[in-house]
Amino acid sequence: MRKSLLLIVTVLLFVSCASVQKYNQQIATLHSVESLHEDVDVAYQKLQKLHPRLYLYTPKETLDAKFDSLKMTIVKPMNSHDFYKKITETVTNVRQGHAGVVAPIKKLDKKEKRLRNKKKFELNNLNFEYLDNAIWVKSTVDKDSTLVGAKVEKVNDEFVADLVKKYSKRFSSDGYNTTFYNRRVGLFLPRYYANDKGRLDSLEMTFKKNDSVFKKMFRRIPHDSIPGKVKKDSVKKSPKKLTKAERKLAKLKFKKKVKDNYKYGYVKLKKQYKRNFEFIADSTVAYMKIRGFSTGGFEEFYKEAFTKIGSAKSKALVIDLRDNPGGRLKEINELYSYLADKEFKFIEEGETNVRFPTLKALQSRRSTSFGMAIGKGIATPIFFFRDLFRVRKKNGKKYYKFKSTKLQKPKALKYSGPVYVLINGHSFSASSVLSVNLQASKRATLVGEETGGAYNSTVAGFTYDVTLPNSKVEMYFGLLVLETPYKRNLKGYGVQPDVEVIPTQNDRVNNKDPELEWVLNDLKK
């Protein structure tokens, strides 16, 4: 039995390594003009067949011309990465933020992954932000804050302004919205640079701070390397022997930590939670910072938060959705149910071109491991029967019935006081859906700038992945239309704030939060 298991593991490892080598060879190969034209056709055919509102923002004639023009510009062989740069700028013409192309980056085998996982990239300690037509260091993950407030002038030898202009063409907001672009490039500058150049072991940045221009090199270093800290004697000390009571206490602390990490959605890389809750302004105002709706549990968090709000009899609640890219429909529905003042319908049935959308999305995922392949096999019949009962035809179109589609009652712990929601250009997807419901039902005052996600609808739900046959470049897009019961005549723009407040770099230097300050001043009035 043991020999059989060892043989299976050995075979799987061999197949995995061979698959990695094959992929790396494929994306490095110069593909013929004909094969790349075929990939363009496959990409557009998939969009035409499966995307439920492909021509919502760009007419068919225009989009046809864009894809034809793309083929005309491919006149010589090129590798997958160069092809990615071309096709991604064409796919963005769909103007749907959930449709895009993944950069083909060299894969690592298991040994290379193990070695890389032992190191961290120093650049990941920095959090960036786009303000006043420039990218700045907003904060740091570690305790070294010397770079906070510095302006990024160059990455290696390229000016940041040129990089922003280039990378903004490789993704799209919903419709004609513009606030999403600079916000996203600022937040994810290192990611877009890696997509552009591949994995790097070092990178140099030029900064400007207080009229001083300087350069700093960022490297991959061992996880236990801490700048300025002297390593202790490498001789291992025997661990202290704990008493039975101490072991029990340590076990309880560990269990609580695991539970809290799940409840608040802990992100190890950033050393922060997705969900935070506290009282501010002399403990009279409840403040909820939600960085995303996609990590960990949420039912217990919201129940705990609104129990505290009720007990404290808070005079107002502030929900901070700035830089929240979205996530689960179920979670935003849960949050809204604590704020609604009457029965509500949170979302409409989702229009789709696919009879089995969740199953189609599942089947489009590549199995990157043996365990994933088994998981897909188990999930397939479950998704099939779920789609069978949830998708129905109406007026010649197919619609998917979400749980959030039915009429619902507010929670018993609902909060009835004033609600303020802070938004910006990177409040996207689920954040925009929640903002629409809160604004249209007059349950909240929105403060900040226009959201990146569209007001009337977004095409998301379940994501379909396409691996183009020759270049192996991957494209993705949503299969369902998400829209609330509320609509407006202005098509293709985000949720507009009730009060526009745009922060500046001067606000950051003076440690000011102008959006939150406006709310607190309004409450004083």
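The structure displayed is predicted, hence computed values, not measured ones.
- Without hydrogens or angle criteria, R275 side chain to T295 main chain gives a donor-acceptor distance under 3.5 Å.
- Checking each of Y336, F277, Y338 against F306 for a ring pair (Phe, Tyr, Trp, His ring centres under 6.0 Å) leaves exactly one that passes, namely Y338.
- Judged by distance alone, the side chains of D82 and S80 never bring a donor and an acceptor atom under 3.5 Å apart.
- With D144 contributing its side chain and T140 its backbone, the two residues share no donor-acceptor pair below 3.5 Å.
- A cation-pi geometry, defined here as NZ or CZ lying under 6.0 Å from the six-membered ring centre and within 45° of its normal, does not hold between K165 and Y167.
- A pairwise comparison of heavy atoms in T352 and L480 identifies CB-CD2, 3.4 Å as the closest pair.
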Inset, instruction - For E348 and K487, run salt bridge (Lys or Arg N to Asp or Glu O under 4.0 Å): C-alpha distance rounded to whole Å, both residues' side-chain angles, the deciding distance at 0.1 Å, then the answer. - result: CA-CA 11 Å; E348 298 284 6; K487 300 289 182 297; 5.1 Å; no
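- Between H98 and V459, every side-chain heavy-atom pair lies at or beyond the 4.5 Å cut-off.
- Under the 4.5 Å side-chain criterion, counting only non-hydrogen atoms from C-beta, I221 is not in contact with K119.
- Residues passing the side-chain contact (heavy atoms from CB on, under 4.5 Å) test with T206 are E153, K154, V213, K215, sequence neighbours excluded.
- Side-chain contact between T451 and S431 is absent, with no heavy-atom pair separated by less than 4.5 Å.
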Inset, instruction - Output, in order, the C-alpha distance, side-chain angles, deciding distance and verdict of ring pair (Phe, Tyr, Trp, His ring centres under 6.0 Å) for Y486 and Y455. - result: CA-CA 9 Å; Y486 308 102; Y455 186 102; 8.0 Å; no
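- Side-chain atoms of N424 come within 3.5 Å of backbone atoms of D323 as a donor-acceptor pair (strictly under, hydrogens ignored).
- K216 and E122 are not joined by a salt bridge, as no carboxylate oxygen comes within less than 4.0 angstrom of a charged side-chain nitrogen.
- One N or O on the side chain of K289 and one on the backbone of R322 form a donor-acceptor pair closer than 3.5 Å.
- Aromatic ring centres of F279 and Y287 lie farther apart than the 6.0 Å criterion allows.
- A donor-acceptor pair is defined here as one N or O able to donate and one able to accept, closer than 3.5 Å; no such pair exists between the side chain of K274 and the backbone of K263.
- Looking only at side-chain heavy atoms (C-beta outward), Q96 and D174 come within less than 4.5 Å of each other.
- Relative orientation of the F344 and F346 rings is perpendicular, given thresholds of 30° and 60° on the angle between their planes.
- Cation-pi check for R183 over Y130 is not met; the charged atom does not lie both under 6.0 angstrom from the ring centroid and within 45 degrees of its normal.
- A centroid separation of 6.0 Å or more is found between the aromatic rings of Y476 and Y464.
- Panel note: side chain D162, backbone V164; no donor-acceptor pair is recorded below 3.5 Å.
- Annotation: cation-pi pair R220/F121 present, NZ/CZ under 6.0 Å from the ring centroid and within 45° of its normal.
- At least one donor-acceptor pair under 3.5 Å links the side chain of R443 to the backbone N or O of L339.
- In this structure, H426 has its ring center closer than 6.0 angstrom to the ring center of F188.
- In this structure, the side chain of N117 engages the main chain of K113 through a donor-acceptor pair within 3.5 Å.
- At distances below 3.5 Å, not a single donor-acceptor pair connects side-chain atoms of R508 with backbone N or O atoms of T504.
- D498 and Q439 form a side-chain donor-acceptor contact under 3.5 Å, judged by distance and modelled atom types alone.
- When atom types are taken as modelled, the side chain of N195 and the backbone of A103 share no donor-acceptor pair closer than 3.5 angstrom.
- Shown here for V102 and V473, the closest heavy-atom pair between the two residues is O-CG1, 4.1 Å.
- Residues A194 and I105 approach most closely at O-CD1, 3.9 Å, considering heavy atoms.
- When all heavy atoms of G186 and I135 are compared, the closest pair comes out as CA-CD1, 4.0 Å.
- Side-chain contact between I332 and V433 is present, with heavy atoms from C-beta onward closer than 4.5 Å.
- Counting only heavy atoms from C-beta outward, the side chains of R191 and R184 approach each other to under 4.5 Å.
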Inset, instruction - Check the pair Y266 / Q272 against side chain to side chain donor-acceptor pair (under 3.5 Å), numbers first and verdict last. - result: CA-CA 6 Å; Y266 185 66; Q272 65 183 14; over 6 Å; no
